[in-house]
Q: 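If you scroll down you'll find the structure; I have some questions about it.
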Amino acid sequence: MATTSKTRNIPFGRPMIGEEERRAVLEVLSGPILTHGPHVHEFEQVFARFTKAPFAVATASCTAALHLAYLHLGIGPGDEVIVPTQSHVATAHAVEYCSARPVFVDSEPRTGNIDIDAIEASITERTRALSVVHYLGLPVDMDRVMAIARRHNLFVVEDCALAIGSYYKGTHAGLIGDVGCFSFYPVKHITTAEGGMLITRHADVAKSLSMQRAFGIDRNIVSQRKTPGDYDVERLGFNYRLNEIGAAMGLAQMQRVEVFLAKRHENDRALRNRLAEIDEVELLDSSRPGIESSHYCLPILLKDPLAAKRLDVMESLGKRGVGCSVYYPRPIPHMSYYRKKYGDSDATFPVAARISKCSIALPIGPHVEAEDIVYIAEQVKSAIAEVK
Ligand SMILES: *Cc1c(COP(=O)(O)O)cnc(C)c1O
C-alpha cells in the first residue's frame, strides 16, 4: 500500500472558488443591478434544468426556503409537523418560526435517515406536514414516506441542503415531496456564500412562494410592473431573496457541479474501501439499490469502548492535518432551546444520540485528492492506535 509520511492539511470542507466565480462576481459589480436582475432568474432556470424541476425559486438560504414552505401551508399555533431528530436545527427552526410544533422522530441505524417505521405513531389529528432530511445526501425511502403522507393527507417538505445530485429511483431529491429546499452555504455541494433554492412540482406553490419571498408584493419588478410603484401587497411576506452576486457565483458553480459530484462519489468509494479493514470503526450505508447519494461527507462510527474517546480521536486527527466534523452534535430535541420548550429527556432518540456521540465526519469533498484519501485512512488508523 502506498504511504504518505509528510503531514498534509486537509480541511473538512472548502468552497471551490475559481476564476469563473471571480469573473462572474466582478461582472455583476461592474454593472448597476445587484438585486432583481437576470442572474437570479437564470440561476433558477439552470437549477431547474439540472434537477428536472418544473419550478425553482432562489432564496436567501435553505432556512428561508424551509420557512417559505411552511408559510405556504399557513401553519400556526396548535399545528404539528413531523421532523427528523438527526438534522441541522434549521429543519426544526423553520417549523418554530410559524409557532407550530415540531414532533421529532428518531433515525434508522443503518443510514441516519428518519425511521420511517416510527413516523405513523407520531402523527396526530394536528399533524399538517411531514419533513424529511436526506441525511448527508443519502435519499430517504420516499415511496414509503409518500404512502404515509397520502394516508394522512400531509404536505411533504424535503430538506435537501446536502442533496444536490441525490437521486431516488431516478428522480432528483426534492421533487417527490411537495417542496425541496437546498443550501448554498460555503461548505455545501455548491455555494453562493449564503443562499438557497426551493424546487416544486406545483405551479401554485412556486408562484405564491416567490411572492412571499419578496414582501408579499403581487407583481414582479422586472417583468410585471409597468410604472414604478405599481403594485399591491396581499400578504405579510419576507425579504428572503438571493442577490445577483450570489446568483452569478451559483451559475459558475453549476457549470462544475457534475465534476464536484463525481469527485465526491469517487472519494467516498476509495475512502470506504480503505476504512473497511479498521475493526474499531463502523460505517453507515452510503448507497441503496436505486438510490444515489450526493456524498456530503463520510461519517465513521467509533465502536465501544473507543466511542468514549471520540474527542481524543478528533483532536489527534486535527493534529495530523485531517479536518473533521460532527453531523450533528446533538439530536435537535436535545439542544437547549428545544429541551427547555418541550422537555425531552436524554433517554429518547437513542439512534440519533448514538450517531451524535460516536461519529466523526471525514472529508470527501472535491478539494480532497486521491493521495489525500490514502493519507486520511492512514491517519485514522494512527489516531485510533494513539488514543486506544
Ligand atoms: C446547512 C443545512 C441547513 C441550513 O442551510 P442554510 O442555507 O445555511 O440556511 C438546513 N438543513 C440541513 C440538513 C443543512 O445541512
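Below, all heavy atoms of this structure are taken into account, side chains as well, without hydrogens, waters or symmetry copies. We count ligands from 1, going down the list as the structure has it; atoms in each ligand are counted the same way.
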Q: Is any side-chain N of the basic residue among Arg320 and Glu386 closer than 4.0 Å to the acidic one's carboxylate O?
A: yes
Q: Only heavy atoms count here, so choose which of Phe184, Tyr327, Tyr328, Tyr135 is nearest to atom 13 (C) of ligand 1.
A: Tyr328
Q: Can you tell me if Gly195 has a non-hydrogen atom under 4.0 Å from ligand 1?
A: yes
Q: Please work out which of the three classes, parallel, tilted or perpendicular, describes the rings of Phe238 and Tyr240, given edges at 30° and 60°.
A: parallel
Q: Under a 4.0 Å heavy-atom limit, does Phe182 contact ligand 1 with its side chain, its backbone, both, or neither?
A: neither
Q: Please confirm whether Gly196 approaches ligand 1 to less than 4.0 Å, judged on its heavy atoms.
A: no
Q: Which residue owns the protein heavy atom closest to atom 11 (N) of ligand 1, what's the atom, and how far is it?
A: Asp159 OD2, 2.7 Å
Q: Please write down residue, atom name and distance for the protein heavy atom closest to atom 9 (O) of ligand 1.
A: Thr63 OG1, 2.5 Å
Q: Counting only heavy atoms, which portion of Ala64 has something under 4.0 Å from ligand 1: side chain, backbone, both, or neither?
A: neither
Q: For Val133, take its heavy atoms, then give the atoms of ligand 1 lying under 4.0 Å from any of them.
A: 13 (C)
Q: Ignoring hydrogens, just give me the one of His93, Glu194, Lys188 whose non-hydrogen atom is nearest atom 14 (C) of ligand 1.
A: Lys188
Q: Under a 4.0 Å threshold between the charged nitrogen and the carboxylate oxygen, would Glu280 count as salt-bridged to Lys381?
A: no
